Number of protein chains: 2
Amino acid sequence: MKKNVAIRPQEPDLSNDPALRTEAFQQAREARRSELAEDYVELIDDLIREGGEARQVDIAARLGVAQPTVARMLRKLVEEGLVQRKAYRGVFLTDSGRELAQASRERHEIVEQFLVAIGVPPETAQRDAEGIEHHVSEETLAAFRRFTEAQRR
Amino acid sequence: MKKNVAIRPQEPDLSNDPALRTEAFQQAREARRSELAEDYVELIDDLIREGGEARQVDIAARLGVAQPTVARMLRKLVEEGLVQRKAYRGVFLTDSGRELAQASRERHEIVEQFLVAIGVPPETAQRDAEGIEHHVSEETLAAFRRFTEAQRR
DNA sequence: AGATCAATATAGCATATGCTATATTTATTT
DNA sequence: AAATAAATATAGCATATGCTATATTGATCT
Ligand SMILES: [Mn+2]
Ligand SMILES: [Mn+2]
Ligand SMILES: [Mn+2]
Ligand SMILES: [Mn+2]
């Protein structure tokens, strides 16, 4: 497979570097692995704030999945040290879980507000942010923050 | 579970509507299901442009996965009518596959260029775009396009 | 042509995330 | 307190996406 690139030493065509491309795919795959944990702890934190407790049925309703799906995921989050549960009582966040929830919520808000700031309708911003948030690096997040902040003047 | 929301008829707090939240989660889950197919056809199209053919080993190397993983996914893409293969020759895109590749590439470029436009370093933009692209609605894409375009003056 | 190398195919394993059906346990109502 | 309802637990199934090991097929070199 011969490459068909113009050689321009002055302007290294980074947009087509295969190694970088591979890194990008790997980063996206990696992000997919932490997505669910982030959404869960953020949601559990929300539910506790809203109503003092986070029950499986409520988590399932919000996520739009079945209750046994939530039950299994919670078991895993307990193993990962993010969640505690008292059987047949609601679930709670560990310190580590609260930290992750906090970070996730902040990132989520920054992404959502940024989308609104560039002119995306609020409902759409909310929908898109739910997926985008997991693929935004610190650098991109910083750029989002800068823009939204500047916009506010 | 009682809700703890301030009632403000003038300003419906849409940012906290549970039904919308659920839709957002569903949209993100849905997006995850089409991600791989999009990346595959886009990549196959790239490889064919670069070198006239797309072989499993090259696809695997670019994606950073093992060859049997690619073999199985290609079988699935054939079932979905996006890809054709001649055994032990490379793989090719069907008309439908080419369409999806085209759309995916355009979206990918818009996202990446937009990130650069708001000040994200190009390498980071490339990495983040690989994941973000799959979660961007038409409306958000339009906003990205507008901004990048305006920036170019 | 035969040997060797490269690419692809296939089998089998693992984990993740969805589902339905149903048993068990707790909460609520009568 | 017993009956009923609600929530949770568990079993079993399905699909998706990774992996390694290995067989098969095709391409290349001597
Ligand atoms: Mn979120
Ligand atoms: Mn999310
Ligand atoms: Mn892409
Ligand atoms: Mn991608």
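None of these values were measured; they are calculated from a predicted model. In the text below, chain A, chain B and the rest are named by the order of the sequence lines, each starting its count at 1.
Between Thr69(B) and dC19(D) there is a side-chain N or O to OP1 or OP2 distance below 4.0 Å. Taking side-chain N and O atoms only, Gln56(A) has no distance below 4.0 Å to OP1 or OP2 of dA6(D).
Arg75(A) comes within contact range of no nucleotide atom at all, as no heavy-atom separation falls under 4.0 Å. Residue contacts for Arg85(B): at a heavy-atom cut-off of 4.0 Å it reaches the sugar-phosphate backbone alone, with no base atom in range.
When side chains are defined from C-beta on, Thr69(B) does not count as touching Leu63(B), because their heavy atoms never get closer than 4.5 Å.
Between the P atom of dT8(C) and the CG atom of Leu74(B) lies a distance of 9 Å, rounded to the nearest Å. Rounded to whole Å, the distance from CD on Glu53(A) to C1' on dA27(C) is 12 Å. Taking atom CD1 of Ile59(A) as the reference point, atom P of dG18(C) lies 13 Å away to the nearest angstrom.
In this structure, the nucleotide among dA9(C), dG18(C), dC19(D) sitting nearest to the side chain of Val65(B) is dC19(D). In the set dT17(D), dC19(C), dT17(C), dC19(C) carries the atom at the smallest distance from any side-chain atom of Ala66(A).
A single hydrophobic cluster is not seen to contain both Val111(B) and Val116(B); linkage of ILVMFWY side chains at heavy-atom distances under 4.5 Å, directly or through other members, places them apart.
Across the interface with DNA chain D, nearest-nucleotide mapping of Gly90(A) and Arg29(A) shows Gly90(A) to be the residue nearer the 5′ end.
Judged by atom type and distance alone, Arg72(B) reaches the base of dG18(D) through a side-chain donor-acceptor pair under 3.5 Å. Not a single donor-acceptor contact under 3.5 angstrom links the side-chain atoms of Gln67(A) to the base of dA7(D).
A side-chain contact (heavy atoms from CB on, under 4.5 Å) with His134(B) is found for exactly one of Arg33(B), Arg32(B), Arg107(B), Glu30(B), namely Arg107(B).
Atom CD of Gln102(B) and atom CG of Asp45(B) lie 7.5 Å apart (nearest 0.5 Å).
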